[in-house]
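Bear in mind that the values here come from a model prediction, so they are computed numbers and not experimental data. Just so you know, these numbers use all the heavy atoms, side chains as well, and skip hydrogens, waters and symmetry mates.
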Amino acid sequence: QVQLVESGGGLVQAGESLRLSCAASGRTFSNYAKGWFRQAPGKEREFVAAINWSGASTDYADSVQGRFTISRDNAKDTVYLQMNSLKPEDTAVYYCNARTPFISRAADGGYWGQGTQVTVSS
């Protein structure tokens, strides 16, 4: 089974930044399209950002466009989400996703990590 482990979540004040990491475990992940999704309490999981296998193509939800940046380091089989200018509305559990062959905004499918909590205080 594909194994993905998120880290880097925490509690920050509005306007501050966090960088999330998603590390592969158990197999090679460099050829997967990868993405980040989030789920707030009582709400469904929603798309945040995605990146193709090479890092040349990215996609962002309107709510994070211009504030978040997704990137990947294939040598480390790791994908990152740099989150700047955080808002209380960004509070959620953030999940890493890997799928083949293309990036997608669909909130299911592929493989998923366990999630990491991001809390933004006002």
(message) With heavy-atom distances below 4.5 Å as the criterion, would you say the side chains of S63 and E89 are in contact?
(response) no
(request) State the OG-CD distance between S17 and Q82, to the nearest 0.5 angstrom. (result) 5.5 Å
(request) Kindly confirm or rule out a cation-pi arrangement of R72 over W53, judged by NZ or CZ under 6.0 Å from the six-membered ring centre and within 45° of its axis? (result) no
(request) Check the hydrophobic clustering (I, L, V, M, F, W, Y; side-chain heavy atoms under 4.5 Å; chains of links allowed) and say if Y94 and L4 are grouped together. (result) no
(request) Would you please say whether a donor-acceptor pair under 3.5 Å links the side chains of Y80 and R19? (result) no
(request) Show the numbers, then the answer: is there a salt bridge (Lys or Arg N to Asp or Glu O under 4.0 Å) between R38 and D90? (result) CA-CA 9 Å; R38 66 188 183 187; D90 297 317; 2.9 Å; yes
(message) Check for me, please, whether L81 and V12 land in the same ILVMFWY cluster - side-chain distances under 4.5 Å, paths through other members count.
(response) yes
(message) Taking G55's backbone N and O only, do any of them form a donor-acceptor pair with N52's side chain (distance below 3.5 Å, no angle check)?
(response) yes
(message) Would the distance check show the side chain of D59 and the main-chain N or O of G35 forming a donor-acceptor pair, the cut-off being under 3.5 Å?
(response) no
(message) Which heavy atom of V93 sits nearest to which heavy atom of Q117, and what is that distance?
(response) CG2-OE1, 3.3 Å
(message) When you measure from the side chain of T91 to the backbone of V120, do you find a donor-acceptor pair of N or O atoms at a distance under 3.5 Å?
(response) yes
(request) Report yes or no: do E6 and Q114 form a side-chain donor-acceptor pair below 3.5 Å? (result) yes
(request) Would you check if C22 and K34 make a side-chain contact, meaning some heavy-atom pair closer than 4.5 Å? (result) no
(request) Look at the side chain of R105 and the backbone N and O of Y60, then say whether any donor-acceptor pair between them is shorter than 3.5 Å. (result) yes
(request) Please answer whether the main-chain N or O of I51 pairs with a side-chain N or O of T58 as donor and acceptor at a distance below 3.5 Å. (result) no
(request) Determine yes or no for a side-chain-to-main-chain donor-acceptor pair under 3.5 angstrom, with T78 supplying the side chain and K76 the backbone. (result) yes
(message) Which residue is it: F68, Y95, W36? I am looking for the one with a side-chain contact (heavy atoms from CB on, under 4.5 Å) to L20.
(response) W36
(request) Please name the pair of heavy atoms, one in R99 and one in A106, separated by the smallest distance, quoted to 0.1 Å. (result) NH2-O, 3.0 Å
(request) Quick one: closest heavy-atom pair of P88 and S122, and the distance? (result) CG-CB, 3.9 Å
(request) Nearest 0.5 Å please: distance from the CG atom of N97 over to the CG atom of D108. (result) 9.5 Å
(request) Assess the pair F37 and F47: is the distance between their ring centroids shorter than 6.0 Å? (result) yes
(message) If I take atom CG from residue L18 and atom OG1 from residue T116, how far apart are they, to the nearest 0.5 angstrom?
(response) 9.0 Å
(message) Restricting to non-hydrogen atoms, name the atom on R67 and the atom on L86 that form the minimum distance, rounded to 0.1 Å.
(response) NH1-CA, 3.9 Å
(message) Is the shortest side-chain heavy-atom distance between V79 and C96 below 4.5 Å?
(response) yes
(request) Please check if the side chain of N84 supplies one atom and the backbone of E16 the other of a donor-acceptor pair under 3.5 Å. (result) no
